[in-house]
Amino acid sequence: MRTFDLFVIELDKQIEDTVTTAGGLELYVDNRFKEFDNRVNEGPVVASPFKYETGVEVGDTLYFHHLVVMNEGQPLTGEDKHFLVRYSEESALSNQAIAYKSKKTGEVKPLYGWAILEEIKEEKENITETKSGIVTVELKEKKTSKAKLAFESEETKRMGLELGDIIGFQKDIDYRLKIDGKEYIRIPEDRLLYVEV
């Protein structure tokens, strides 16, 4: 199959609805209230867009935007278990393909328009004193607004960024993405604000 500007991926399921315990027992999870947290966001590539030189080959793992699988997803008509992932190098907003992992090398590379960052845990102290003189200290995690560059892309190299750089970004756009079981932050490159020096 040759696709113009779409990736095609194969998925057995759209939501992770089971958990396996350390003892090997498989438990089913009710996702009615946490569907977003348990959606599948990766799958093997069946076809790559021929319009673009993405470097992605059949068999590589594609990491994609949650809309590909949410609310019935974007199934390929007539093909069971195949889903469409939009790709564009004209508009990052139209690009649902976030990154891929090469089957040959195991290397993860972000795709056009996306940066993948590793969270930096920040804690905020809240110190209060009661009328009786009792002091309480409460540690809360701050909303993330900066993180480390986890994977390089051609665009982050052009921007002068290096792996491990601490990058600031707009608050409340830090969507999560799991790669090899580890959680990262996926952010459109045009939402990166600064790099710490």
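Given the structure is predicted, the values throughout are model-derived calculations rather than measurements.
- Listed here is the closest heavy atom pair of Gln170 and Leu193: N-CD1, 3.7 Å.
- Applying the 6.0 Å contact sphere to CD of Glu53 captures no more than 12 heavy atoms from other residues, nucleotides or ligands.
- The side-chain heavy atoms of Ile166 and Lys148, taken from C-beta on, include a pair separated by under 4.5 Å.
- The two residues Pro75 and Leu84 have their closest heavy-atom pair at O-CD1, 4.1 Å.
- Contact between Ser88 and Asn95 at its shortest, heavy atoms only, is O-CB, 3.8 Å.
- Within 6.0 Å of the CD atom in Glu162, the count of heavy atoms belonging to other residues, nucleotides or ligands does not exceed 12.
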Using distance only, find each side-chain donor-acceptor pair of residues 58-65 under 3.5 Å and give its atom names and separation, not counting sequence neighbours.
residue, atom, partner, partner atom, Å
Asp60, OD1, Lys103, N, 2.8
Asp60, OD2, Glu57, N, 2.9
His65, ND1, Leu67, N, 3.1

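- Annotation: side chain of Ile98 is in contact with side chain of Ile116 (closest heavy-atom distance under 4.5 Å).
- Remark: the Glu90 side chain and the Tyr52 side chain contain an N/O donor-acceptor pair separated by less than 3.5 Å.
- Geometric assessment of Arg2 against the ring of Phe50 yields a positive cation-pi assignment under the 6.0 Å and 45° thresholds.
- Rounding to the nearest 0.5 Å places CZ of Arg186 at 11.0 Å from CD1 of Ile179.
- Partner of Tyr100 under the side chain to side chain contact (heavy atoms under 4.5 Å, CB included) criterion, chosen from Val108, Val56, Thr54: Val56.
- When side chains are defined from C-beta on, Met1 counts as touching Val8, because their heavy atoms get closer than 4.5 Å.
- The ring of Phe151 has its center closer than 6.0 angstrom to the ring center of Tyr184.
- Closest non-hydrogen pair, Glu42 versus Lys178, comes out as OE1-O, 3.8 Å.
- Val69 is not listed as a side-chain neighbour of Asn41, based on a closest heavy-atom distance of 4.5 Å or more.
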Practice item. Begin with the C-alpha distance, continue with both residues' side-chain angles, and end with the deciding distance and a verdict on side-chain contact (heavy atoms from CB on, under 4.5 Å) for Val40 and Val68. Key: CA-CA 9 Å; Val40 172; Val68 172; over 6 Å; no
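- Between Phe7 and Tyr87, the two ring planes are perpendicular [angle over 60°; tilted spans 30° to 60°].
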